Protein chains: 2
Amino acid sequence: MKRSTLKDIAKLTGLSISGVSRALKDHPDIAPETKEKVREVANALNYHPNPNAQHLQSKQSKTIAVILPEVNTFFFPELLQGISNVVEQHGYFLIFLQSDNRFSREKELIEYCIQMFVDGVLISVSAETTNLEHLLKLQEMGAAVVQIDRVLSNGTIPFLTINDSAASMKATAYLIDKGHKKMVGIFDDARLSMTLLRIEGFERALQLHQIAIEEDSILIVQDGEDVEFKLSKLLDENTSITAVFTMSDKLLVRAYHAINQLGLKIPDDIALISISDGKAPQYLFPGITHVRHSGEVVGIAAATLLFKILSGEKIPGQLHEVETTLVELDSV
Amino acid sequence: MKRSTLKDIAKLTGLSISGVSRALKDHPDIAPETKEKVREVANALNYHPNPNAQHLQSKQSKTIAVILPEVNTFFFPELLQGISNVVEQHGYFLIFLQSDNRFSREKELIEYCIQMFVDGVLISVSAETTNLEHLLKLQEMGAAVVQIDRVLSNGTIPFLTINDSAASMKATAYLIDKGHKKMVGIFDDARLSMTLLRIEGFERALQLHQIAIEEDSILIVQDGEDVEFKLSKLLDENTSITAVFTMSDKLLVRAYHAINQLGLKIPDDIALISISDGKAPQYLFPGITHVRHSGEVVGIAAATLLFKILSGEKIPGQLHEVETTLVELDSV
DNA sequence: AACCTTTGCTCAAACGTTTGATGTTGAAAA
DNA sequence: TTTTCAACATCAAACGTTTGAGCAAAGGTT
């Protein structure tokens, strides 16, 4: 089946191409009956306007790109879902790109976006990214840019995350509140500002409640394997520890494993709490109490912010925060 | 920064627009030094061809769409990852759409794809979808279409899944092999052919080993909550059951919960096995033995199949299968 | 010297749409 | 009867690129 164009409709209706165009756009210059006829023919021909031609005219692509380090993680699928909804709601297209956590790839993708004339980009930077020049270039080319979740600040690109430090504090304070005196916090890749903020929140909660921060209060791990090894060792040696805090889902499941492996019971022998998107905590048994960091909410907020920028609103290149909530399940 | 066009380069170099176009495309008609100069100027102006203009010419969009019921599930993120890689490798764009498991939305999205001139569509149909006319229309418009994971057959649209019945059999046979005589299989939404096939595999394994299929051998549930309720009841009443098989990750985590809730120990009191993408089994403790259904592998295979179609290869509208492997962890 | 080839480029049309300017009616107002 | 003005429609240019056809000049062959 060949695709029909305005020309085809024009031929069949005896109108001119521009007449048809206006009729389909409900332009007041066109007589109602004419419009009706045009619409009928258009329908019969299964007409769809060619978006390339339209965008060529209007100089925009009606496209938003999302760049994530990987989708195969706890938080990102939800994030993508939230973004996708808002974007479709605005009648835009979503193109989805993965940087595989590599800076070089991230730069390529940005070039790609520039070529594609994307109107906006939502990006969670790779772990390797340390400067934002590529994003600035994108901005200069007229695209709206918003950073999400993992962010770097340079004062000109708005970014949106949860209040990491507050989330961390909330979780830690809850443990203390429940009577725990000696606990360990497990943290991820220290290259990310997210990690530093979450460590800060953890420490601040301890200080606030006059609990000494010892050498083994904070465990920084490189990859998942590390958690099991280091935590097992720590819990074995230091039996006074009664609670574990993990900064992410990835670490949570590892800690869960380690604890079970040692034959410890949650929450009787040891309490476990995490910052989480809320999925893993439900899967595990017992349900893990967590500070909920909803990917969907962040996605919606980020996309909404982006469309504000697109509509011409001036948005400062600063932090825009999303709320977190404590979800009490059965692990503390 | 304004975006530069061929015209701008033409003005600066004194060449004609077509000359510039050919120079940038390394056309033999253009003198080497001229090409060099054009490239320099293009670089200086930060020139990128306008893809809308290009696609308007070439009548294609270099775009593949993926339509999934939801991404927020175990299998789909991995699937998306696999697809995304192949698509980018071919220099195509990926647009990502969600049907929210609604047939009406799915039809809208297909219309959308038609409008967008997408070259190909990878789709996992919604639970509500019972006919494929919308996909046929898409095919007629010249797009390549491949179904993934959840599929419906009509003989003209190729589809790609694991061999569901074989996977189910593999898991069940493993249980039997390990000495289990009385087991229950838990299955999902019976509207999907996937479910029927997996039930069939389960039953076939039992028959093959002369194990009677009783009324309570098969548990069909509507949603997650159901699993916990029904399974608890069943295990409570029927203590001769020594193993549970679940057809998906979603059911697996529910069953895991129910079993733990009852105070039963895996694998000592009861064995648990599942068809799974391999993530949840690692999170849980002990690790759950499963038949691995890799989203990434399926994604790669599906996208590869799609590009074969795009390159003109004739692909029958039938099943194309992907291998599954049994991963032995500690739950049986 | 007349002819052919090659080299290196330009012209112009085409892709499908949008839109400001312009043209043609017919009917109402002067 | 002439003017005026809606109402409805057409014309033509423009968006940025690609591409077949055409053309001038330089060099090579008889």
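By convention in this document, chain letters (A, B, ...) are assigned in the order of the sequence lines, proteins followed by strands, and residues within each chain are numbered from 1. Just so we're clear, the structure is a prediction, and the values are computed from it rather than from any experiment.
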With hydrogens left out and only the distance checked, is there a donor-acceptor pair under 3.5 Å joining B/Arg22's side chain and the base of C/dT10? yes
Do you see a donor-acceptor pair shorter than 3.5 Å between the side chains of B/Thr161 and B/Glu321? no
Taking the side chain of B/Lys59 as heavy atoms from C-beta outward, which of D/dC8, D/dG16, C/dG16 is closest to it? C/dG16
Rounded off to whole Å, could you give me the CD1-to-C1' distance for the A/Ile9 and C/dT17 pair? 12 Å
Taking atom types as they are modelled, is there a donor-acceptor pair under 3.5 Å from the base of D/dC11 to the side chain of A/Ser18? yes
Over 60° means perpendicular and under 30° means parallel, so tell me whether B/Phe307 and B/Tyr92 are parallel, tilted or perpendicular. perpendicular
In whole angstroms, how far is the C1' atom of D/dA14 from the CG atom of B/Asn50? 13 Å
For B/Gly19 and for B/Asn52, locate the closest nucleotide of DNA chain D by heavy-atom distance; then report the residue assigned to the nucleotide nearer the 5' terminus. B/Asn52
Within less than 4.0 Å of OP1 or OP2 of C/dT18, is there a side-chain N or O belonging to A/Gln54? yes
Looking only at the aromatic ring of each residue, does the gap between the centers of B/His293 and B/Phe75 stay below 6.0 angstrom? yes
How close or far is atom C1' of C/dG16 from atom CG of B/Leu56, stated in whole angstroms? 6 Å
B/Tyr47 has its side chain closest, among D/dT10, D/dT17, C/dT10, to D/dT17
Report the nucleotide, chosen from C/dT10, C/dT18, D/dT17, that has the shortest atom-to-atom distance to any side-chain atom of B/Ile17. D/dT17
Out of C/dA14, C/dT17, D/dA9, whichever nucleotide has its closest atom nearest the side chain of A/Thr34: D/dA9
Check the phosphate of C/dG16 against A/Thr5, side-chain N and O only, distance under 4.0 Å to OP1 or OP2. Yes or no? no
What's the shortest heavy-atom distance between A/Ala144 and A/Leu306, and which atoms? O-CD1, 3.6 Å
Rounded to whole angstrom units, what separation is found between the CD atom of A/Gln57 and the C1' atom of C/dT17? 5 Å
If you compare every side-chain N and O of B/Ser16 against the phosphate oxygens of C/dC9 (OP1, OP2), does one of them come in below 4.0 Å? no
Quick one: B/Lys62 NZ to C/dC15 P, roughly how many Å, whole number? 21 Å
Is the closest side-chain donor-acceptor distance between B/His134 and B/Glu106 under 3.5 Å? yes
Find the distance A/Arg3:CZ to C/dG16:P and express it as a whole number of Å. 11 Å
Which of these nucleotides, C/dC9, C/dT17, D/dT17, is closest to any side-chain atom of B/Ile30? C/dC9
Classify the side chain of A/Asp29 versus the base of D/dA7 as yes if they form a donor-acceptor pair under 3.5 Å and no if they do not. no
Measure from NZ on B/Lys7 to P on C/dT10 and round the result to the nearest Å. 16 Å
